[in-house]
Number of protein chains: 2
Amino acid sequence: MSKSENTEVTNNEAESVKDEKKLKFILDKVKDHSEICPVRDVIHRISDKWSLLSILALGTHGTLRFNTLKREIGDVSQRMLTVTLRNLEEDGFVSRKIYAEVPPRVEYQLTDLGEGLMQQALQLAEWVNAKLPQIVSSRKEFVKKA
Amino acid sequence: MSKSENTEVTNNEAESVKDEKKLKFILDKVKDHSEICPVRDVIHRISDKWSLLSILALGTHGTLRFNTLKREIGDVSQRMLTVTLRNLEEDGFVSRKIYAEVPPRVEYQLTDLGEGLMQQALQLAEWVNAKLPQIVSSRKEFVKKA
DNA sequence: CCGGATCCAATCGGATACTG
DNA sequence: CAGTATCCGATTGGATCCGG
């Protein structure tokens, strides 16, 4: 809260101090079990088998109908896509518009919140993809040791 | 690939074009089911019930013994912590050092790869924490509509 | 102190059949 | 087309007992 704070942090030491505080702060949030909707809840929800894939597909195509999205993902069952989309809708990541037509048409797209989530997920996915060689070789070493 | 590309991108249009390419690129990686170790595998592994918590705890404290880590996390069972740490070790995120003493001492700490993962996880957790109010209110609206 | 082994409950996710 | 309902196998995670 002091006047010349944080305006132009360029050295790594200051950043790592800041990171450490952030880390403990977030750790407490993540450890929290008392609240209704802790961080772990949301992270767990987005990390199930189809959520991330749905979000990325919607982010790529903008707006998709149910069966188009289903084909886009490829191997998801009807039931699981429905469940996944309901969960994402419940948390406000995806919007669902129903058109009163025959045959019925339902369009899904990311909300602003959902786009933010996608950006986060994208960064994680990119990092994992970049580190895949290391991870794969680590797994091979592990089985050799066992 | 042209000479004056990407040196000082300040407008949003150029970034969004880049993002779109990244998005489709990563979407393909995440959709991939053919490879041994796809992105989804790793993301799924780090998103189980205790992995993220373990990583954050180790990142906060540097080095931890088994039971210290167990107490730090709080409500994890002995079995699940063992399983979680083995998985993280297999992927190269956590190192495990055994000291030949009685009573035995085993110390866990993040590898460089694990620290990188923690940074990613931290960003995601921070984002979720920042958006929690929106998410909570969205959930409340959802039950009202149902 | 650090786990391995076993048993069991809860949740997740796929297949199928049916509806507005 | 876009679901709902039901059944069932697979996976996850907790409790407990045991061993080095």
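Every chain is numbered from 1 and lettered A, B, ... according to where its sequence line falls, protein lines coming before strand lines.
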Enumerate donor-acceptor pairs with a distance under 3.5 Å from any side-chain N or O in residues 99-107 of chain A to protein atoms, sequence neighbours excluded.
{"residue": "A:Tyr99", "atom": "OH", "partner": "A:Glu107", "partner atom": "OE1", "Å": "3.2"}
{"residue": "A:Glu101", "atom": "OE2", "partner": "A:Arg105", "partner atom": "NH2", "Å": "3.1"}

Practice task
State whether the side chain of B:Lys49 and the backbone N or O of A:His44 hold a donor-acceptor pair below 3.5 Å, judged by distance alone.
Solution key: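 It does not hold such a pair.
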Every protein N/O within reach of nucleotides 11-13 of chain D N/O, cut-off under 3.5 Å:
{"residue": "D:dG13", "atom": "OP1", "partner": "B:Lys49", "partner atom": "N", "Å": "3.3"}
{"residue": "D:dG13", "atom": "N7", "partner": "B:Arg79", "partner atom": "NH1", "Å": "3.4"}

Practice task
Identify the two heavy atoms, one from A:Arg45 and one from A:Ser51, that lie closest to each other, and give their separation to 0.1 Å.
Solution key: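 Nearest pair, atom of A:Arg45 first, then A:Ser51: O-OG, 3.2 Å.
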Practice task
Might you point out which heavy atoms bring A:Glu90 and B:Ser138 nearest each other, and give the distance in Å?
Solution key: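 Looking at all heavy atoms of both residues, the shortest contact is O-OG, 2.9 Å.
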Distance in angstrom units between [X] [atom1] and [N] [atom2], rounded:
{"X": "A:Asp75", "N": "C:dG14", "atom1": "CG", "atom2": "P", "result": "8 Å"}
{"X": "A:Ile73", "N": "C:dG14", "atom1": "CD1", "atom2": "P", "result": "11 Å"}
{"X": "A:Ile98", "N": "C:dG20", "atom1": "CD1", "atom2": "P", "result": "16 Å"}
{"X": "A:Lys70", "N": "C:dG14", "atom1": "NZ", "atom2": "C1'", "result": "11 Å"}
{"X": "B:Gln78", "N": "D:dC18", "atom1": "CD", "atom2": "C1'", "result": "11 Å"}
{"X": "B:Arg65", "N": "C:dG3", "atom1": "CZ", "atom2": "C1'", "result": "13 Å"}
{"X": "B:Leu64", "N": "C:dC1", "atom1": "CG", "atom2": "C1'", "result": "15 Å"}
{"X": "A:Phe66", "N": "D:dC1", "atom1": "CZ", "atom2": "C1'", "result": "9 Å"}

Please tell me if [X] has a side-chain N or O lying less than 4.0 Å from either OP1 or OP2 of [N].
{"X": "A:Tyr108", "N": "D:dG3", "answer": "yes"}
{"X": "A:Arg86", "N": "D:dT4", "answer": "yes"}
{"X": "A:Arg96", "N": "D:dG3", "answer": "yes"}

Exercise for the section: Could you check if a side-chain atom of A:Gln78 sits within less than 4.5 angstrom of a side-chain atom of A:Phe66, using non-hydrogen atoms only? Expected result: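 Answer yes - side chains close enough.
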Exercise for the section: May I ask you to say what A:Glu101 touches in the nucleic acid, namely base, sugar-phosphate or nothing, with a heavy-atom cut-off under 4.0 Å? Expected result: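 Answer is nothing: A:Glu101 stays at 4.0 Å or more from every strand.
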Practice task
Select base, sugar-phosphate, or nothing to describe what B:Tyr99 touches, counting heavy atoms under 4.0 Å on all strands.
Solution key: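 Nothing, no heavy atom under 4.0 Å.
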Exercise for the section: For the side chain of B:Thr82, starting at C-beta, report the closest nucleotide among D:dC1, D:dT4, C:dG4. Expected result: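 Minimum distance to the B:Thr82 side chain belongs to C:dG4.
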Practice task
Check the hydrophobic clustering (I, L, V, M, F, W, Y; side-chain heavy atoms under 4.5 Å; chains of links allowed) and say if B:Ile55 and B:Val83 are grouped together.
Solution key: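 Result: no, two separate clusters.
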Handout entry: Side-chain ion pair, A:Asp32 and A:Lys29, N-O less than 4.0 Å
Key =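 Salt bridge flag = no for A:Lys29 with A:Asp32.
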